[in-house]
*Asks:* 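The structure that follows is given in the form of structure tokens.
On a predicted model such as this, the values are computed, not experimentally measured, just so you know. Here is how names work: the chains are called A, B, and so on, in the same order as the sequence lines, proteins then strands, and each is numbered from 1.
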Amino acid sequence: MRSSQLFGKTLRQAPGDAETISHQLLTRAGFIQQIAAGIFSLQPLGNRSITKIRNIIRDEMDRAGGQEINMPVVQPRSLWEESGRAETFVPPLASFEDRRERDMVIAPTHEETATAMARAGVTSYRDLPFTIYQIQTKFRDETRPRGGLLRVREFEMKDAYSFDADEEGMDRSFQAMVAAYKRIFKRCGLEVVMVEADSGGIGGKDSNEFVLLTDSGEDTILMSNESDYAANVEKASFIKKEFPIGELGEVEEFDTPGIKTIDELAKAEGVSKSKTAKAVFYSVDGEIVVVTIRGDYEVNETKLRNVLGGSEPRLATPEEVKAAGLVSGSASAVGLTGMKSVVDDSITMGSNYLAGANKEGFHLRNVNIDRDFKADILADIAEAKKGYLSPDGKGKLVAKRGIEVGHVFKLGNVYSSKMGADFTDEDGEQNEILMGCYGIGVGRMLAAAVESNHDDFGMVLPQAIAPYDVYLAGLGLDDADIAGKAEQLYNDLMDAGYDVLFDDRDAPPGVKFKDADLLGIPARVVISSRSRQNGGAEVKARTSKDSEIVEESNVVEAVKKLLG
RNA sequence: CGGGGUGUGGCGCAGCGGUAGCGCACUCGCUUUGGGAGCGAGGGGUCGCAGGUUCGAUCCCUGCCACCCCGACCA
């Protein structure tokens, strides 16, 4: 491609509303153009990068035995009523009425459609297993798109769905996808780690996220410093401190004027926060739930949601707390009736806690679970933090930031049971198909790649996803001699199989160098009268400061050495 | 959805009760050619939209819309 013919101009300054570095650079470099909040067009350069990513994904999906299909973006709402997600997926699900007044949705993901496909196409265990995938547009009406391509409303996703007859098969299909994902990210030149994750609105038991670690990421990842344990903070567990359980003391009330917080209470009594039982009140489906956790830990609301069966907990407002007859600052589960009690298992790892007396200005000593208050649900609902012990017993947790670029789920029968996707097994019995689903955000991958690969001058793209391999800058092309040599190099490099962007514009050298850097093309070749005086052309990697002079006939060889 | 901010040529910004300006970009000419060139001459904007106040509104008032950021939520 010749720069003189390339559509899209580079910008010296990024639009004022682009704050994220990838948003700024992708816009300045002419990769993307914003149309509305969270809605973007890809210009030629951006589209080339995306195409390269897409091709790598497709290649690896096929290699892992996936079969490419295509499912509709617009679907009847009834399909979503079958799965129950018409109600639960509400905020991101965009819908409209067609001219016959039928309710339609714009697909934010395709579990329902994929299940419908399997339901129609599978009758026997002989039809299983198989994995289908597509690379296609999704629309999610996010309440808050942000960061350029990082969180958008319309986006391209590779989504795959596996169908198996039994657990072992499902695990095998899952592992095949995990392996494919690892190859995909590696081939794209991205350092992506797999972490345990919460499955959120998709459902199912196990799920893993693929996260590109970068400080600008919006997810927090906790990793062991001694093992390969890694999990999203939403999911991460840890080994809680245990204290010997002595003889249970008598509950006694004592005066605590003005004490409202666990910190104040522990300080006033001269004990560690782990000797206190903290009560937190949540509003869940209109009911107040009391959550008790040891004072040295915090509640993880995602874990809480999961133990509550998926209902969304929200911290109760002061008014709700008051209306329930609770005394904030001196509250506990002791003596409370008529409300659900959730207790973190840390409470069982100690005894004789200080807790609220449910009376203004008073607390209790020697409060113990079971004897003094009950737990309707006893589970791990504590938030892991850096410095805590890794759950595998090896090392401590460290915190990192990352961008989720892929997510894999073991769905099991979540969709097949609701939607009646069955098959007949060897014994003639009807069974539900076991599913997995696997997503990669294609555009987000590009944005994430830029977030983690840039410098003060622009993007530094891995070759696999750069729009071009080589930036060929001809300087002083009004000299027919130079122009001829530049054309020659252009052709030689293309003949060698490289994607070449030939900067043939009538522009000063500085402009060409700046653009080469901004675009992040991995190799740069310069041909000019000066380079020729020095013995040929200059070859330079985007990542290096220095260039190398090579004879014109050796340029392809030198580029090969640089890029492979 | 709560809080905050911003809307003025393609991009970045200034301006201000009297119908708009700067830098970059763009067009033409000449000169230039190793890190976003110089000089000269040009083109391009119903100042987000709608009402209101005023002799007169880009500017003041009201409403709306859009976009960005923080939070809530979310692959």
*Asks:* Starting at atom CD1 of A:I135, determine the distance to atom C1' of B:rA75, rounded to an integer number of angstrom.
*Replies:* 17 Å

*Asks:* Run the ring-ring contact (aromatic ring centres under 6.0 Å, His included) test against A:Y471 and tell me which residues pass, sequence neighbours left out.
*Replies:* none

*Asks:* Please confirm whether any donor atom in the side chain of A:R314 sits under 3.5 Å from an acceptor in the base of B:rG2, or the reverse.
*Replies:* no

*Asks:* Pull up the glycosidic torsion of B:rU32 and say syn or anti, syn being anything within 90° of 0.
*Replies:* anti

*Asks:* Suppose the criterion is side chain to side chain donor-acceptor pair (under 3.5 Å): which pairs have a residue in residues 134-144 of chain A, not counting sequence neighbours?
*Replies:* A:H110-A:Q134, A:H110-A:K138, A:Q134-A:Q136, A:Q134-A:D159, A:Q136-A:K138, A:K138-A:D159, A:D141-A:R153, A:E142-A:R151

*Asks:* Suppose the criterion is side chain to side chain donor-acceptor pair (under 3.5 Å): which pairs have a residue in residues 10-27 of chain A, not counting sequence neighbours?
*Replies:* A:T10-A:D515, A:S22-A:E451

*Asks:* For a side-chain contact (heavy atoms from CB on, under 4.5 Å) with A:V342, tell me which candidate from A:I293, A:I381, A:V280, A:V290 qualifies.
*Replies:* A:I381

*Asks:* Looking at A:R144, does any N or O in its side chain come under 4.0 Å of the phosphate oxygens OP1/OP2 on B:rC74?
*Replies:* no

*Asks:* Would you say the base of B:rC74 and the side-chain of A:R151 have a donor-acceptor pair closer than 3.5 Å?
*Replies:* yes

*Asks:* If we only count heavy atoms from C-beta on, is the A:V539 to A:S547 side-chain gap below 4.5 Å?
*Replies:* no

*Asks:* Let's test your reading of the model: under 3.5 Å, does the base of B:rG35 pair with the side chain of A:R530 as donor and acceptor?
*Replies:* no

*Asks:* When you compare B:rU58 with B:rA14, how far apart are their C1' atoms, in angstrom units rounded to a whole number?
*Replies:* 13 Å

*Asks:* Rounded to whole Å, please give me the gap between NZ in A:K545 and C1' in B:rG35.
*Replies:* 13 Å

*Asks:* Side chain to side chain donor-acceptor pair (under 3.5 Å): which pairs involve residues 32-43 of chain A, sequence neighbours left out?
*Replies:* none

*Asks:* Looking at every strand, decide which applies to A:E111 at a 4.0 Å heavy-atom threshold: base, sugar-phosphate, or nothing.
*Replies:* nothing

*Asks:* Taking only residues two or more places apart in sequence or in another chain, which ones pass salt bridge (Lys or Arg N to Asp or Glu O under 4.0 Å) with A:E404?
*Replies:* none

*Asks:* Who are the ring-ring contact (aromatic ring centres under 6.0 Å, His included) partners of A:H454, not counting sequence neighbours?
*Replies:* none

*Asks:* What pairs with A:K158 under salt bridge (Lys or Arg N to Asp or Glu O under 4.0 Å), at least two apart in sequence or on another chain?
*Replies:* none

*Asks:* Given B:rG35, B:rA75, B:rC69, which nucleotide is nearest the side-chain atoms of A:E19?
*Replies:* B:rC69

*Asks:* Is a donor from one side chain sitting under 3.5 angstrom from an acceptor on the other, for A:D504 and A:S4?
*Replies:* yes

*Asks:* Say you pick atom P in B:rG7 and the same atom in B:rC60; how far apart are they, in whole Å?
*Replies:* 11 Å

*Asks:* So, under a plain 3.5 Å distance rule, would you say the side chain of A:T143 forms a donor-acceptor pair with the base of B:rC1?
*Replies:* no

*Asks:* What string of B, S and - do you get for nucleotides 39-44 of chain B 5' to 3' if you count protein non-hydrogen atoms under 4.0 Å?
*Replies:* ------

*Asks:* Can you tell me if A:W80 and A:Q75 form a side-chain donor-acceptor pair at under 3.5 Å?
*Replies:* yes

*Asks:* Mind listing the side-chain donor-acceptor pairs of residues 184-196 of chain A below 3.5 Å, one per line with the distance, residues two or more places apart or on another chain?
*Replies:*
unit_1, atom_1, unit_2, atom_2, d
A:R187, NH1, A:D59, OD2, 2.6
A:R187, NH1, A:E60, OE2, 2.8
A:R187, NH2, A:D59, OD2, 3.4

*Asks:* Pick out the pairs of N or O atoms, protein on one side and nucleotides 26-33 of chain B on the other, that lie under 3.5 Å.
*Replies:*
none

*Asks:* Given Watson-Crick or G-U pairs with both distances under 3.5 Å, what dot-bracket string fits RNA chain B, with | for other-strand pairs and [ ] for crossing?
*Replies:* (((((((..((((....[..)))).((((((.....)))))).....(((((..]....))))))))))))....

*Asks:* Grab the N/O contacts between the protein and nucleotides 5-11 of chain B below 3.5 Å, and write none if there aren't any.
*Replies:*
unit_1, atom_1, unit_2, atom_2, d
B:rC11, O2', A:Q13, O, 2.9

